[in-house]
Participant: 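Mind having a look at this structure? Questions to follow.
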Number of protein chains: 2
Amino acid sequence: MLAKSSTELVRQKNSGLVLSALRQHGPLAHTELSDFTRLSSATVSVITADLERAQIIEKSEQQATTGRGRPRVLFSPRRDCGYLIVVVISSNAVQYSLVDYSGRLIDRFSEERPRETSGVVSLVAALRDALRRIAARSQLAHDQVLMISISSKGLVDNSEPVLRWSPTFGRDEIDFAAVLSDEWSARIILGNETQLVAAALGRQDENKMGGEFRALAALSLGHSIGLGIVRRDEEGHHQISAPNFGHMMHVPGGALCRCGARGCIEAYAGFYAMLRTAFDVPLDTIPAKFVPIAELDKIAVSARHGGRRNVLAFRQAGLALGNGLSRVLSLHERMPIVITGPGVRYYDLLIGGIEEGLAESHVVRMEGMPELRVAIDEQTLVFEGHLNRALSILDNDIVRKGASVVELRDQAG
Amino acid sequence: MLAKSSTELVRQKNSGLVLSALRQHGPLAHTELSDFTRLSSATVSVITADLERAQIIEKSEQQATTGRGRPRVLFSPRRDCGYLIVVVISSNAVQYSLVDYSGRLIDRFSEERPRETSGVVSLVAALRDALRRIAARSQLAHDQVLMISISSKGLVDNSEPVLRWSPTFGRDEIDFAAVLSDEWSARIILGNETQLVAAALGRQDENKMGGEFRALAALSLGHSIGLGIVRRDEEGHHQISAPNFGHMMHVPGGALCRCGARGCIEAYAGFYAMLRTAFDVPLDTIPAKFVPIAELDKIAVSARHGGRRNVLAFRQAGLALGNGLSRVLSLHERMPIVITGPGVRYYDLLIGGIEEGLAESHVVRMEGMPELRVAIDEQTLVFEGHLNRALSILDNDIVRKGASVVELRDQAG
DNA sequence: GTTAATTTCTCGACTGTCGAGAAAAAAATC
DNA sequence: GATTTTTTTCTCGACAGTCGAGAAATTAAC
């Protein structure tokens, strides 16, 4: 059922437009806001006045007056309007960052996650404790934190903040909302790590290419394999998704995967899988829990010197990835693929197999090889993706709250 | 870049809401419109008055007054507001239907398509001729036809009406807009056949389940294999897509497919593929152009009596489909799968393989077997899908044209 | 005929956007 | 230093849209 529209909705949308212009381009003056949003000057006046009254944006300190004429007043999101905590869960550590409403990093620390006691219970306990700590360190009351944005590898529900499956906790689901709601009124959102990388890359590409941007896939190579897809819908919004690519079936009944199934892509292209092939271990051997990257580096060196078995390990991984990607392209439109994660250091060894695995398929024969790129700084991209997503959802929430209406009445009364 | 909103847009959306309510529930009175759209009575008055003045809807003849009180006046789309031609291209024939704006079938004929001379040129010539004819038979001027909705099997561009690849014409693309625009001002849209089946089924499901409906896949089994996916986005719109499922890679370097690639799903599950397996023909044999269904029926009969080789043919096809579907489910959320097309008559022989092919994968182990259904009347569903899609796009176009504003000025002047 | 029930229409209030021009404020010029 | 120019921001009136409440219309029941 479609929802009706109304004049209030118009205001919400346009206020959102103003906020997102400020996010994208930094502090802007009245005139620039009018240009970017294509709203009339009068409308911009009303909206900025409302947002200012509602304490969501503020006039920033005068910049050195540059030309003649009346000097501009720049608007920017109020830093103290609210706070965001970003939690990046990786296999061996959890990183906590406190960010203000303007997107500025305020505080950050990481905590090792002991591999032995890595049950869900201990993670949740550590999480609750660390969240309390990061708020306390900046003397923030819990209700000043408007959002907690969490990311992890694994399978993420796409409506609730529930981790359905993860390489570290398997099928032990974690419902972050349930676990944190007693202490935090903040909105909790959860994203797959590679999904956030895709979100960040999508934003970058859109900034570069303007309206040309259509879609993009991010492929993260590491102990496990992640895929994130971002597509621009007809209204210009970015739809991000995190397919279960690492555990898509590569070969029916094939190599044993960490997840317990057989023949997953990860069971051929994950670090542990490459190690297995290199050492010629039977494919139904239970996968190693953890592979030091130095081990793989050794294999890579040998492969680069022509070591047959080691070359094969990378080639086989590449083939699994290429075949999988060809299947992704069969089910979506053609899109560039950005490869990231610790595994990019073996890109030279993998690319042959990837391209071969892609080339066999009907889509690639039809549309040609997709553009393949490499992005080194995965961690930066993850954080950037967090910020993009969290702040834009936050803006949306705030605008939807009808801040203008409510606050205006408060001021009047 | 997001677009700004305005009060005019509000009217457009709400007018669209009124029109789509009329489409969905048939002729409705003022009060019912107000109920379905959740718009106030006053707003419904203004919108219906506008649409009536613009000759888009009309008050239908009084129904026998049922209760006491002022009798209702029912609104419905004006039949003569415009016309739609539906063209269903199948392997051996093309069906033309003329439909009025209210969705009522006015005229229909089919034309055999001779298999020998089946080049693009001859198809286009026949198409142009038949379109002229169907309009002439009902004495319609060409500009009264507002839309021509075409469907075919194969790969369809998702923004322009261009057939990128089809089982019959291969890589000879057909740009229907280019080919018809000299004679027709109508908007030309093109859809994949199974995509339209999915659209029709999605509408049906939504009507049944209300807001519960999330997503659905339609799988069409025949000489070739089609897949359509429909998903409800957060605004309630149905997003339909037609992945290149039939030519998604099943086994790298596997059986030779009609498309020239190797190992496509179709090369295991298409009718010609099943025949190949049944007769133990080598997998790299060039596929038969056409398989009479009687041939397959014989094989099915034998298989149902336990003929080993024939059982295998269906099982292998089922496995290819099951594996492919598991990959689809890895890349999308869990959704029910509706199987249709001439191949459903072998459902009893295929289902074992399908389920086995699904069962091995990580997604199915996680989320359980997806719901599998069968739909017999594929042709009806295709036509229904055409109507759903075409009329709703038409409504949208009309509303967006600002019919109300322009026409009001015309009337006033 | 009168009353009750039901549906549709109309009016005034409210919220939105927009264009044009007034007001503000600093640099340039006389 | 006063005046003009330039640039930016604000304000006003016009117009488009929705809504709630109540008036008007119309028929069945009494």
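The shown structure was predicted, so the numbers you read here are calculated from the model rather than taken from an experiment. In what follows, chains carry the letters A, B, and so on, assigned in the order in which the sequence lines appear, proteins first and then strands, with residues in each chain numbered from 1.
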Participant: What is the separation between atom CG on B/D35 and atom C1' on C/dT6, rounded to the nearest whole Å?
Facilitator: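 B/D35 atom CG is separated from C/dT6 atom C1' by 13 Å.
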Participant: What integer distance in Å separates A/Q12:CD from D/dG17:C1'?
Facilitator: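 The distance from CD of A/Q12 to C1' of D/dG17 comes to 16 Å, rounded to the nearest Å.
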Participant: Please encode protein proximity along nucleotides 4-9 of chain D as a string of B, S and -, counting only heavy-atom distances under 4.0 Å.
Facilitator: --BBBB
Participant: Let me test you: for the helix from C/dG1-D/dC30 to C/dC30-D/dG1, what is the angle between the axes at its two ends (five pairs each), rounded to 10 degrees?
Facilitator: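 Nearest ten degrees gives 30° for this helix.
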Participant: Between A/V46 and B/V10, name the one whose nearest nucleotide on DNA chain D is closer to the 5' end.
Facilitator: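 It is A/V46, whose closest nucleotide lies nearer the 5' terminus.
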Participant: Does A/K4 have a side-chain nitrogen or oxygen under 4.0 Å from the phosphate oxygens OP1 or OP2 of D/dC19?
Facilitator: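 Yes, because at least one side-chain N or O of A/K4 sits under 4.0 Å from OP1 or OP2 of D/dC19.
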Participant: Given side chains that start at C-beta, do those of B/V230 and B/D205 come closer than 4.5 Å, heavy atoms only?
Facilitator: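 No - every pair of side-chain heavy atoms lies 4.5 Å or more apart.
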Participant: Crowded around A/Q139 CD? As in, over 12 foreign heavy atoms under 6.0 Å?
Facilitator: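 Atom CD in A/Q139 is not packed in, count stays at 12 or less.
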Participant: Rounded to the nearest angstrom, tell me the gap between atom CG in B/L28 and atom C1' in C/dT7.
Facilitator: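 Going from CG in B/L28 over to C1' in C/dT7 covers 14 Å.
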Participant: What is the distance, to the nearest angstrom, from the CG atom on A/N14 to the C1' atom on C/dC18?
Facilitator: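 Going from CG in A/N14 over to C1' in C/dC18 covers 12 Å.
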Participant: Does the side chain of A/T43 get closer than 4.0 angstrom to OP1 or OP2 of C/dC18 through an N or O atom?
Facilitator: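 Indeed, a polar side-chain atom of A/T43 lies that close.
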Participant: Scan for salt bridge (charged side-chain N to carboxylate O under 4.0 Å, His left out) pairs involving residues 23-43 of chain B, sequence neighbours excluded, and state none if there are none.
Facilitator: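 Checked against salt bridge (charged side-chain N to carboxylate O under 4.0 Å, His left out) - neighbours excluded - the pairs reaching residues 23-43 of chain B are B/R23-B/D395, B/E32-B/R72.
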Participant: Just wondering, do A/S149 and A/L84 contact through their side chains at under 4.5 Å, heavy atoms?
Facilitator: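 Heavy-atom side-chain distance check passes, below 4.5 Å.
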Participant: Would you say C/dG16 has OP1 or OP2 under 4.0 Å from some side-chain N or O of A/R11?
Facilitator: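 Indeed, a polar side-chain atom of A/R11 lies that close.
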Participant: Taking ring-ring contact (aromatic ring centres under 6.0 Å, His included) as the test, write out the residues that go with B/F383, two or more places apart.
Facilitator: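 Checked B/F383 against ring-ring contact (aromatic ring centres under 6.0 Å, His included); zero matches.
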Participant: Of all residues at least two apart in sequence or in a different chain, which pass the ring-ring contact (aromatic ring centres under 6.0 Å, His included) check with A/H332?
Facilitator: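 B/H332.
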Participant: A/E8 CD to D/dT18 C1': how many Å, rounded?
Facilitator: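 These atoms are roughly 8 Å apart.
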Participant: Quick check: on DNA chain D, is the nucleotide nearest A/T48 upstream (toward 5') of the one nearest B/T7, or the reverse? Name the residue that is more 5'.
Facilitator: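 Result of the comparison: A/T48.
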Participant: Answer whether the closest heavy-atom distance between the side chains of B/I229 and B/M335 falls below 4.5 Å.
Facilitator: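 The answer is yes, as the side chains (C-beta and beyond) meet within the 4.5 Å cut-off.
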Participant: Take atom CD1 of B/I47 and atom C1' of C/dT8, then tell me their distance rounded to the nearest Å.
Facilitator: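 To the nearest whole Å, that distance equals 15 Å.
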Participant: Taking salt bridge (charged side-chain N to carboxylate O under 4.0 Å, His left out) as the definition, give me every residue that meets it alongside B/R187, ordered by chain and number, with sequence neighbours left out.
Facilitator: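 Applying salt bridge (charged side-chain N to carboxylate O under 4.0 Å, His left out) to B/R187 gives B/D397.
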Participant: Measure the distance from CZ on B/R38 to C1' on D/dC19 and round it to the nearest whole Å.
Facilitator: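 About 15 Å, once rounded to whole Å.
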Participant: Whole angstrom is fine here: how far is it from CG in B/D50 over to C1' in C/dC9?
Facilitator: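 Going from CG in B/D50 over to C1' in C/dC9 covers 15 Å.
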Participant: Please work out which of the three classes, parallel, tilted or perpendicular, describes the rings of A/W184 and A/H142, given edges at 30° and 60°.
Facilitator: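 Because their plane-to-plane angle is under 30°, the rings of A/H142 and A/W184 count as parallel.
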